[in-house]
Amino acid sequence: MFDGAFSLLHQIPHPDGGARMNPGPAPPDPGQNLDQALADRDEAWEAWLASREPCEDDEPPEFEDEGDYHDDPVELAEIIVEARQASADQAAAEAHIAASGQIAALAADASAAMGRRGPGMPGSAEPLAGEYSGPGGAFATGQALDVAPGGPVLLGHADWAAGDDNRFVGVSDDELLGIICAADRSEAAASALKHTAVAELIRRRPASGCTPQGPAGMPEAWDEFTRAELAPALGESRYAVDGLLDLSHDLTVKLPGTMALFREGVISRYKAQVISHATQLLDPAEARAAEAMVLDRAGRLTPGALRAAIARAVMEVAPDKARKRREKAAKSAEVQWWAEFSGNAALMGRELQSADVLAAGQRIDSWAGQLKAAGLEGSAGELRARAFLDLLLGRDSRPDRVAADGAGPGTFAATINLTTPLATLLDLADRPGEISGIGPIDPWLARDLAAAAAQNPGPPGYTFTAADQHGPPGGYGTWLLRTPGDGPDLRISLDSLNTRDCDHRYQARGHDPGVKLKHLSQVRHVTCTGPCCRRPSARSDFEHNVPYEAGGRTCLCNGGPKCRYDHRLKQHPKWTVDQLPDGTFRWTTPSGRQYTTEPTRYPT
């Protein structure tokens, strides 16, 4: 991919203040055939390297034992050492420009041939004559590094230009923008390399009955547990890994042109994903025909513009499949909710009918306008959000209605699984609570929700007293929890939950856990114990680590929550799961790597 990258940059400054032109082969004539030119260049370069005599002025490389950054015989470290000592002598700058014009011409010609960012595209323009001295000179508009492909070589030069203090001393604004674009291309190239490696993992994990086929040697599908192996390695959700596997397969099998631009750094992963999603139902020939209609401008289009362009291309290449794609996606319509970083939550509907979405949006706007007219304060966004929830929950947030009857018509009460430290509930400490399916919530919200659940009309709050006069020994035993308002009064038994040397206190005699054992296992692990799984434990099975049929106990020391997917994953012959005494689950994948799922950490 990056072989010969330094042959575009074969002139390097010399410590004595002059410009030393490496006596290697000159770049090929930009007017000749690119493939032949590159082949001639590589052949001449190798011949020159074989005959090169050591130079008395050569500096020894500093990083001799750390390996090369690339496959080219010229070490990046050597170039950096010499470049850091370069003089800013004007004659050297002029000599550099004389040679870099030819280098830039080759780079620009390569850009046009391979779709790389070049003249007329972001990050560059037509090569300009002038003087480019200093560490960022080659990143100036239209210069060699401004149009060079992304990768470790380009990133190494950008890192050198940053300087030891990362302040880019001596770099102009134009050069700085060139460096930013170069880093962006290098980032994309690294991501493309990751997807290439994922494609190889797919080859090694074919689904049952799927043999490698086609020019790419790829199976049609991969083993269902490949996602479970990759997710913990990357520290990603399985949902995200599914997207990574899908995109890697598509780029390798159906979209070689998109992959080529991705590897060059012309387009980002997101843009590659836009093309992949749009061509999802196309066969390889149709997908390549559609991508060919947008690749010449994919680098300069915004993601939204690219999405529209590839959608039109798909409709032109295979209009019937474009319709089927829409209809198929509608079958996966869903509503999702998740916790925001702020502590609030989000709610989103996906793959909905366009007409319904437009109608719903207009109704939200209309109700938001009525809320504003009724005197409800807030920004346009806040009013739209309130209107959205009003319409969904059947309530009325207009101030006059709330004041009149206290609630809107047709209100809906949600059922949630709220875990809250007792000290928080009693207002003795400010420790966060947890909502299953949402995640941590701040203590004030936890108290508000607990009060609402107890139908709290206001103070007084909760009280917690010992069941006998002197109190239970050690803080355990039986207590009385009095809830506010009309809420029920509860008699609570407190027990210790030991995570080592299990005494089997809560063991069930049969296969199924008792109510208390299952609840305690869900408290110890709020989510499924599978690697990177976030399914709430309340919606998971209690699973025996050593099967009950093989003599395994139905106990905390031999069980925990697992969703159905991870329940089957554990039973795969190439996977191993060990439950450690402290409640940690250790998973060993087919590759031999190990990942652990520890018990939920609660505030102390």
Side-chain angles (χ1 to χ4, degrees), residues 1-13 22 24-30 34-35 37-38 41-42 45 68-80 83 96-97 99-128 130 132 134-162 168 171-172 174-193 260-268 298-300:
M1 181 65 192
F2 305 111
D3 289 350
F6 273 119
S7 63
L8 295 177
L9 308 167
H10 65 289
Q11 180 200 5
I12 54 178
N22 280 349
D29 180 358
L34 178 64
D35 292 337
L38 295 177
R41 179 205 63 190
D42 291 342
W45 185 262
D68 294 342
Y69 283 85
H70 54 86
D71 294 332
D72 194 282
V74 179
E75 293 184 357
L76 176 60
E78 181 180 0
I79 292 179
I80 292 177
H96 171 70
I97 295 305
S100 65
Q102 189 179 20
I103 296 171
L106 172 63
D109 186 62
S111 300
M114 294 183 281
R116 189 180 307 153
R117 285 179 180 151
M121 302 183 70
S124 68
E126 294 288 351
L128 301 177
Y132 297 92
F139 289 98
T141 301
Q143 296 304 300
L145 296 183
D146 188 42
V147 293
V153 171
L154 186 64
L155 193 61
H157 282 278
D159 183 61
W160 171 61
F168 298 90
V171 174
S172 69
D174 173 44
E175 294 161 358
L176 185 61
L177 286 170
I179 290 171
I180 292 171
C181 292
D184 184 65
R185 297 197 299 278
S186 298
E187 180 182 6
S191 179
L193 179 60
L261 292 192
F262 193 16
R263 286 298 301 269
E264 293 289 338
V266 175
I267 60 174
S268 64
R300 59 181 170 81

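What you find for I267 and A188 is that their closest heavy atoms are O-CB, 3.4 Å. Considering every non-hydrogen atom in both R185 and E264, the closest pair reads CB-O, 4.3 Å. Shown here for D146 and A140, the closest heavy-atom pair between the two residues is CB-O, 3.2 Å. Nearest heavy atom pair, residue S268 against residue F262, reads C-CE1, 3.8 Å. What you find for G151 and A189 is that their closest heavy atoms are N-CB, 4.1 Å. Scanning all heavy atoms of the two residues, the minimum distance from A182 to L145 falls at CB-O, 4.5 Å.
For the pair V171/P135, a side-chain contact is recorded, criterion being any heavy-atom separation below 4.5 Å from C-beta on. Between F168 and E175, every side-chain heavy-atom pair lies at or beyond the 4.5 Å cut-off.
Atoms CG and CD1, from D174 and I179 in turn, are 10.0 Å apart once rounded to the nearest 0.5 Å. Atom CG of L155 sits about 6.5 Å away from atom CG of D159, to the nearest 0.5 Å.
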Determine, step by step, whether F139 and I180 satisfy the side-chain contact (heavy atoms from CB on, under 4.5 Å) criterion, reporting the C-alpha distance in whole Å, the side-chain angles of both residues, the deciding distance to 0.1 Å, and the verdict.
CA-CA 9 Å; F139 289 98; I180 292 171; over 6 Å; no
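Under the side-chain contact (heavy atoms from CB on, under 4.5 Å) criterion, A183 pairs with no residue, sequence neighbours left out.
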